[in-house]
Amino acid sequence: MINETPRVRFAPSPTGYLHVGGLRTALYNYLFARKNNGTFILRIEDTDRKRFVEGAVENLISSLEWCGLTYDEGPGKEGEHGPYLQSERLPIYEDYALHLVEQKKAYYCFCTADRLDVMRKEIEKGGGQPKYDKHCFSLSTEEIKEKLDSGMPYVIRLNVEPGKTIAFDDMIRGRIEFSSDVIDDQVLLKSDGYPTYHLANVVDDHLMNITHVIRGEEWLSSTPKHVMLYNALGWEIPAFAHLPLLLNPDRSKLSKRQGDVAVEDYRSKGFLKDALVNFVALLGWTAGDDKEFYNMNELIDAFSLDRVNKAGAVFDLQKLHWLNAEHLRSKSMPELTELLKESLLTSAFAGNHYSDDMLKQIIEAMLPRVSFIQEIWQNGAYLFAAPESYDPAVIKKRWTDESGKYLEVLANHFEALVSPAKEDYELALNKVSEELQVQHAQLIHPLRLAVSGVGGGPGVYDIVVIIGQAEAVKRVRKAAQTITK
RNA sequence: GGCGCGUUCGUCUAGUGGCUUAGGACGCUGCCCUCUCAAGGCAGAGAUCACCGGUUCGAAUCCGGUACGCGCUACCA
């Protein structure tokens, strides 16, 4: 197994969306596969008919693809190990369940839900383990045949021998041991003919030649059951790696209640896939150096399973925001222009057209001031249209009652310029400052407010250049008149 | 309750017996830069390494126990 090229899988159940915890699991599988020239498989564990969600598989796949996690085998990419939807593999599981029954390693159980309920309550009252009492294990061949013939509903249970120690090595946590005494006679095949997770998972991992099972920590307690199944079927046990959980700020398991958990939520909020992937990669893993900014190729290069942490990690939005800004700023101008055009569609300026050259100027002015591309349309709205209003009182109060007069002079000077460049506006303002014997600040801050309506933002001359001479003059003059009134 | 896993600044983490006055990052504060706001640079606050005991000349690092948190304990995954 050592020299085998790894085959790993992400095996979600289709709940309707890709959970960020699932994304992290998928990512680690993907990185491990790519790093080791292995194969990354997507398998859909849709064995719970009660939880069927329309369109869930498509949604899952599109979220995965959006993040750049392309799988080598899976739905729509049938390899030699398909199908990759467990609901399409039902006869396989039944065969193995029956095989185990023949070998006396599993048995038919006809107990009703009611009897199981009563039994568990009794055991719990006595302070014992709420396990199945093997009631049906002792049924004779005749009794079983009779019940089967009469069409009585049944399940198939694993026959767990008591008094054994089940041990396995986890790549992240080391050796782990369980006593078989605490393991229930797990149902393998449900009465509706579907397998449970445990059976389907083990059968498929074996049939699909999975070498490394990389999954969430919530499966750690079930692993001895899986080990027993591998043993019962006479199969080699894959390597296990149980990943730490993703947590809410209060350290409970990450849940919908306390924020967004779906990848599509983050996508629709305008997060870059690069940032989301980078962020989630760092939740439970580190290369050991101080590097925190990664693109996918760098992650593949740096990733290793033995540097995955044991403890759960809180999903911290602040760091995600920071990473988003970092990734945004690392993009090339053509990429940024493309992103800006895309976000135009959902902005207040949808339908308008702007030249690439203008967008370039705007990006250069706004990029260090935003964490999301769409914030350019929001925070920089005055670059595209005159501010709805600005408060002349603010100018008067912060500067002087004379501001109106100054702005009027400034407007005249700006208007007199012939195809001015950025420096020409600056020179013009300097000239006005001399003429009127006022400090720059007395002009430049009112100018900023007149032209943008807000106190912060890009350099004021940059703003003027972007909106253009005519528009700038118009806004300054309007402000001047409003103040003077 | 039982079983399992975990526990280093608010958060993500470095650290595998002496290099550690426990390092980095996000966030926070201040300074510099500056027409503003950011970005950037610099500085600072912030962790008695959950607790108790043991091993050792020496422990965040090894061992034992306790506490707390989380997971599992379904014909859900």
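Per chain, numbering begins at 1; letters A, B, ... match sequence-line order. Here the structure is a predicted model, which means the values were calculated and not measured.
Between C70(B), A77(B), C12(B), one nucleotide has an atom nearer to the side chain of K253(A) than all others, and that is C70(B). Of the candidate nucleotides G4(B), A14(B), G1(B), G1(B) has the atom lying nearest to any side-chain atom of P130(A). Among the nucleotides U11(B), C75(B), A77(B), the one closest to any side-chain atom of E45(A) is A77(B). The side chain of Q318(A) approaches C26(B) more closely than any other nucleotide in the set G71(B), C35(B), C26(B).
With hydrogens and angles ignored, a donor-acceptor pair under 3.5 angstrom links the side chain of R448(A) to the base of C35(B). Between the base of C72(B) and the side chain of S222(A) there is no donor-acceptor pair shorter than 3.5 Å.
Residue R251(A) places at least one side-chain N or O under 4.0 Å from the OP1 or OP2 atom of U11(B). The shortest distance between the side-chain N/O atoms of K190(A) and the OP1/OP2 oxygens of A77(B) is below 4.0 Å. Close to A77(B), at under 4.0 Å from its OP1 or OP2, lies no side-chain N or O of R51(A). Contact annotation: T196(A) does not reach the phosphate of A74(B) (side-chain N/O to OP1 or OP2, under 4.0 Å). Residue N309(A) places at least one side-chain N or O under 4.0 Å from the OP1 or OP2 atom of A14(B). One finds no side-chain N or O of R120(A) lying less than 4.0 angstrom from the OP1 or OP2 phosphate oxygen of G1(B).
At a threshold of 4.0 angstrom between heavy atoms, the contacts of V187(A) are confined to the sugar-phosphate backbone, with no base atom among them. Contact annotation for R215(A): no contact, since no heavy-atom pair falls under 4.0 Å across all strands. Nucleic acid contact class of P458(A) (heavy atoms, under 4.0 Å, all strands): base.
Between W285(A) and Y28(A), the distance from one ring center to the other does not fall under 6.0 angstrom.
Remark: the D204(A) side chain and the Y93(A) side chain contain an N/O donor-acceptor pair separated by less than 3.5 Å. There is a side-chain donor-acceptor pair under 3.5 Å between N430(A) and H440(A). Side-chain contact of H242(A) with E218(A): a donor-acceptor pair under 3.5 Å is absent, judged by distance alone.
Nucleotide U48(B) forms a pair with no other nucleotide shown, judged by Watson-Crick or G-U wobble geometry with both contacts under 3.5 Å. Pairing for C76(B) is absent, judged as Watson-Crick or G-U wobble with the two contacts each under 3.5 Å. Base-pair partner of A67(B): U7(B) (Watson-Crick or G-U wobble, both distances under 3.5 Å). The partner of G40(B) is C32(B), judged by Watson-Crick or G-U wobble contacts that both fall below 3.5 Å. Remark: A59(B) base-pairs with no nucleotide; criterion is Watson-Crick or G-U wobble with both hydrogen-bond distances under 3.5 Å.
When the shell of 6.0 Å around NZ of K269(A) is examined, it contains 12 or fewer heavy atoms from other residues, nucleotides or ligands.
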